[in-house]
Structures are given as C-alpha cells and as structure tokens.
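First comes the structure, then the notes that go with it.
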Amino acid sequence: MSARQTWHAIVRRVIHFMLTGGVATASQLSTLYMLEAIGWLPTIANGVAFFVGAQVNFILSYCFTWRDRRIEGTRWHSVLGRWLAYHGAVIGTSWVNMGIFLLARPFLSSLPAAVLGSGCTGIVNFILGDTLVFRRWLSVPFATRLRHCMERVSEALAHIDGSILLCLGKIGACFRLFVGNSGDGKGSKSL
C-alpha cells in the first residue's frame, strides 16, 4: 500500500469514527430527552441514555468504522471480547475526560473545558479503538497489546503541547513500567 493510499485509509477511518460518534451522541441525547419527557429523574435518564449511546457506538464501530477488522466466521466470544474491551476503554476515557475538564475548568468556562475534554478523549478513543478494541493482531498476548497501545497514546500526546497532555503522557509511561516486559524477549516495536 502506498503512502497516499495509507493516508486516504486513515482519513476515511477518522471520518467514519466521527460519523459514528455523531450518531451515537444523537441517540444518547434523544434517549435522554425522551426519558425526561416521560418523567424519569434526570440523573437516571442520563445514565440510561449514556448506556444506549455506548451500545449504538459499539455496534456502529464494529459494523462501520472498523468493519475491515472483523474476522470471517466470528464467534460470539470474539464479539463479546471486543464489547468488553470497548466498555473498558469507555470507562477509562470517561475518567480522562473528567480529569481534563476538572484541570481546565479553573482557566476556562464549562463549555470550552468540556469541549477540550471531549476532543482529547476522542483522540484517545480513536487510538484505543484502532490498537486495542478493534485490533488486527488478535494472536498477540494481551499485556503486549496493552503496552503497545499505551506507547502509541504516549507518542501521540508527546506531539501535543500542554501540561494536561504532558501529565497524561507521564501516566502512560508509568503504566508501561507497571505492565513491564511480557517475557517474550521482543519489544512491542516488533509488532
């Protein structure tokens, strides 16, 4: 594949990722609106709406954004594994989103702080989706995949200025040290 084809594939995947996120957000917000309209408490309605939006996002990600990563004759446990990995990523990045919001809030009003958190989380979600949740290399041990993913996140964050992102990069570096070597004698660069 030429560099031009690779670039077009990346741009196409990012566009698909953004469309998927837009549809999932619309489903979340419309669910929230409908549940509040019938009298549900806002916090419960928001939790249910978030869950609905996450399911829509997973289905569209699996069937549209990363459809080329599906395995022929996929068994239910493979889809379940990706579903669990997806929700693990959602839980982790929701904390990242809130952390960025809380760090930015003293300097920005709520809406720009939320947009900053969502934007940074979107980048991390794309990297996690591409390298961990909807990965191509299913036969690589989990610890090696996770270490490789954290290295890619750290590399991406290293190219963005800002103390918040520098902090997140340091967290990723610490996590890589915690995960350690998988004992296979190969670094994740061999992937």
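Just so you know, residue 1 is the first one in the sequence shown, and it goes up from there.
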**OP:** Find out whether Ser118 and Asn97 are in side-chain contact, i.e. whether some heavy atom of one side chain is under 4.5 Å from a heavy atom of the other.
**Re:** yes
Subject >> Co-membership, hydrophobic cluster, residues Phe64 and Ile10, 4.5 Å side-chain >> reply: no
Original post:
side-chain contact (heavy atoms from CB on, under 4.5 Å) with Asn125: which residues, sequence neighbours excluded?
Top reply: Phe17, Thr93, Thr121
Original post:
Mind checking who shares a hydrophobic cluster with Phe101, ILVMFWY linked at side-chain heavy-atom distances under 4.5 Å?
Top reply: Met98, Leu102
Subject >> ILVMFWY network linking Leu84 to Val79, side-chain heavy atoms under 4.5 angstrom >> reply: yes
Original post:
Which of these, Asn57, Thr20, Leu60, sits in a side chain to side chain contact (heavy atoms under 4.5 Å, CB included) with Thr65?
Top reply: Thr20
Subject >> Heavy-atom closest contact (Leu116 atom, Ala104 atom, distance) >> reply: CD2-CB, 3.8 Å
Original post:
Atom OG of Ser61 and atom CZ of Phe134: how far apart are they, to the nearest 0.5 Å?
Top reply: 4.5 Å
Subject >> Spacing of Arg67 atom CZ and His16 atom NE2 [to the nearest 0.5 Å] >> reply: 5.5 Å
Subject >> Contacts of His87 that satisfy side-chain hydrogen bond (donor to acceptor under 3.5 Å, both in side chains) - sequence neighbours left out >> reply: Gln55, Trp83
Original post:
Got a sec, which pairs hit salt bridge (Lys or Arg N to Asp or Glu O under 4.0 Å) with one end in residues 8-25, sequence neighbours left out?
Top reply: Arg13-Asp68
N/O donor to acceptor pairs below 3.5 angstrom from side-chain atoms of residues 28-50, sequence neighbours left out:
| unit_1 | atom_1 | unit_2 | atom_2 | d |
| --- | --- | --- | --- | --- |
| Ser30 | OG | Ala26 | O | 2.9 |
| Ser30 | OG | Ser27 | O | 3.1 |
| Thr31 | OG1 | Ser27 | O | 2.7 |

**OP:** Using the test side-chain hydrogen bond (donor to acceptor under 3.5 Å, both in side chains), find all partners of Trp66 that sit at least two apart in sequence or belong to another chain.
**Re:** Asp130
**OP:** Give a yes or no on whether Tyr86 and Val52 share a hydrophobic cluster (residues Ile, Leu, Val, Met, Phe, Trp, Tyr; joining criterion: side-chain heavy atoms under 4.5 Å apart).
**Re:** no
Original post:
Is Trp95 isolated, or which residues cluster with it under the ILVMFWY side-chain rule of less than 4.5 Å, directly or via members?
Top reply: Ile91
Original post:
Measuring from Leu108:CG to Ile100:CD1, what's the distance to the nearest 0.5 Å?
Top reply: 12.0 Å
Original post:
Within a strict 4.5 Å, meaning less than it, do heavy atoms of the Ile15 and Leu19 side chains meet?
Top reply: yes
